[in-house]
Amino acid sequence: MRTKEWWQEAIVYQVYPRSFADANGDGIGDITGIRSRVPYLQELGVDAIWLSPHYPSPMLDAGYDVSDYRSVWETFGTLEEIEALIHEVHDAGMRMFIDIVPNHTSWDHEWFKEALAYPLENNADIPSGARFADGPWARYHLLRGRDGGASVPNNWESVFGGPTWHQVNDADGNPSGWWYLHIFDKSQPDLDWDNNEVRAEFRGHLRFWFDRGIDGFRIDVAHGLAKAAGYPDCPELVEGDATAKNPYWDQDGLHDVWREWRAVADEYDPPRVFVAEAWVQPAERNARYLRKDELHTGFNFPYLRAPWNAPRMREIIDFTLAANAIENAPTTWVLENHDVWRSVTRYAPIIGRTEAETKANMNLELGREVNWEADRDLEVGAARARANFLSMLALPGTAYVYQGQELGLNEVFEIPAEMRQDPAFITTNGERVGRDGCRVPLPWSGEGDALGFNDTGAAWLPQPDSWKKLHADAQSADANSMLNLARTALKLRKELSALGGITDDVEPLVWDNDVPADVLSFVRPARLGGHAIRCVLNVGTHAVTLPYDGSVILKSDESAYSDGLLNPNASVWLTA
Ligand code: GLC
Ligand code: CA
């Protein structure tokens, strides 16, 4: 049997520092605020926290535009404070991941400022597509444009909309004919990972933070680092053809970097750990990031993107387990993060539309969703989010919880355009609503205008009125709240060894096919002297009589299950 490592079946809680807790009252969360809430996280029962970027940054992509990898954004606090946080998290019996952003720096990073100050050649003989890699430009990707430099070098499209290329001005402030690559915002120039100096510098960043005691890194855009040689145009995407490959995603060359990083993590005792943010299909390609000498785990985005549809959910659970099994790597489970709509809102049917029409409007990636102004039935959404939360926690492997998910928060759309900050909103002139709606400051209590986020009432994004009832204090006092459900579920998951646990010697999960197609029913076999557990989730529209006589361990709400009858949009854990 495989020895159990903590990261193979942990609960990891994502802290988004800007919006978690604000100690000094300037409307932006900070490290002191996080430190004050460590006991809350401990009581919730999480095993580790993952902190979204805390680095100095012009904040043009909420800190995923890093200008100094070895320091702390002064609005968040100081290096001493983050070191204190690491100690306090450890003292509370938890682990800590931080984020690292290797695909690009901010345009405020020293390296990029040096590059911009570097004299460029400009004459009519330079062929389009030529690369300029002198001096500091060797660390980035600078290409000669087409049409004598006047147009973009190729057809690549940025994740936030518009081309991936931005033209640099010459010393006189005129267009230079040279364009740098930015897969994300123009303030996020991509690094060249074929450059050894870039590689060495980042190994140094890893050690800098490992030496300060962090247990691991969440790696931003882990599928983006290598670009196809010659920067070929993107092939036209053929619908249904998963093999059509975008020349800047999932290139084979990047795995070399992960082997180097793994070696650095393994220098430490205990070895440090990585979790990859890789949006890669099919799942077998994704599993290649988890080879023995590469990264330990990666996010399960197919699972996050699953629609409210039982056969599809089951299919995704099966194929992600199977793909990871190829590399003998644990699976992970995630339903929310700072890039996607809150699950309550995603699962909420649009009022007056069929389920199918609701689904057709969901494209869960980086705020691309449409129809955000439609009226949704958030009550049904909340019931589904609770039900699926229990189902997620019953699956084998590590599960991620995004701050506020334990409160059942909804996506916030009531944000005035001038307060919105997501570059996806700004670059597309509001055509994409963007991701601000899942980044609204947390409601902690009924106190003050910012609901306990601070005591001045300032908040960088406004909280909706409906959160006056959803704050953590109110939910603590309500036995049936989402918060208390989450606390109980997390506690049970730890106690009942069949949940969460992974083993080599038994099937991790066995489906029961004796239930209607709208129902997911699976058993997690007993392990280490524990007992087997069945999880049943009703994704359909009618209550279903279950053929089981096991006793109830936990149900998604008070009325979810009684006398063998499981309500729609509900789930239950039974002894099996
Ligand atoms: C990742 C982050 C996202 C960010 C992007 C660019 O997808 O999760 O928030 O905008 O990378 O760094
Ligand atoms: Ca603050």
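All values derive from a computational prediction rather than experimental measurement. First listed ligand is number 1; within each ligand, the first listed atom is number 1. Computation of the quantities below employed the complete heavy-atom set of this structure, encompassing side-chain atoms and omitting hydrogens, waters and symmetry-equivalent molecules.
Ion pair D190/R139 not flagged as a salt bridge, since none of the NZ, NE, NH1 or NH2 atoms sits closer than 4.0 Å to an Asp/Glu carboxylate oxygen. In summary, R288 and E327 do not engage in a salt bridge, as defined by a charged side-chain N under 4.0 Å from a carboxylate O. One finds a salt bridge joining R435 and D61 here, because a Lys/Arg side-chain nitrogen approaches an Asp/Glu carboxylate oxygen to under 4.0 Å. Ion pairing of E294 with R262 is absent here, as no side-chain N (NZ or NE/NH1/NH2) approaches a carboxylate O to less than 4.0 Å.
The atom name of the N/O/S atom in D30 closest to the Ca ion (ligand 2) is OD2. Shortest distance from the Ca ion (ligand 2) to D22 is reached at OD1 (N/O/S atoms only).
Rounded to 10 degrees, the OD1-metal-O angle spanning D26 and I28 at the Ca ion (ligand 2) equals 80°.
Residue H338 has at least one heavy-atom neighbour below 4.0 Å for each of these atoms of ligand 1: 2 (C), 3 (C), 8 (O), 9 (O). Near H104, with a cut-off below 4.0 Å to any heavy atom, the atoms of ligand 1 are 6 (C), 12 (O). Atom numbering of ligand 1 starts at 1 in the shown order; those under 4.0 Å from a heavy atom of R435 are 3 (C), 4 (C), 9 (O), 10 (O).
In terms of heavy atoms, L290 sits closest to T297 at CD2-C, 3.4 Å.
Closest to atom 11 (O) of ligand 1 by heavy atom, among D220, D65, N337, is D220.
Note on ring orientation: taking the six-membered ring where Trp is involved, the planes of H338 and W50 are perpendicular (angle over 60°, cut-offs 30° and 60°).
Two rings, from H104 and Y140, have their centers 6.0 Å or more apart. Here the two rings, on F184 and Y64, have centers that are 6.0 Å apart or farther. Centroid-to-centroid, the aromatic rings of F76 and H54 stay 6.0 Å apart or farther.
At least one N/O/S atom of N24, from backbone or side chain, sits under 3.0 Å from the Ca ion (ligand 2). The Ca ion (ligand 2) has no N, O or S atom of F76 under 3.0 Å away, backbone or side chain.
Proximity of F160 to ligand 1, defined as any heavy-atom pair under 4.0 Å, is confined to the side chain (atoms from C-beta onward). If you look at H223 next to ligand 1, there are no close heavy atoms at all, none under 4.0 Å.
At a 4.0 Å cut-off, not a single heavy atom of H182 sits close enough to ligand 1 to count as contact. Using a non-hydrogen distance threshold of 4.0 Å, R439 registers as a contact of ligand 1.
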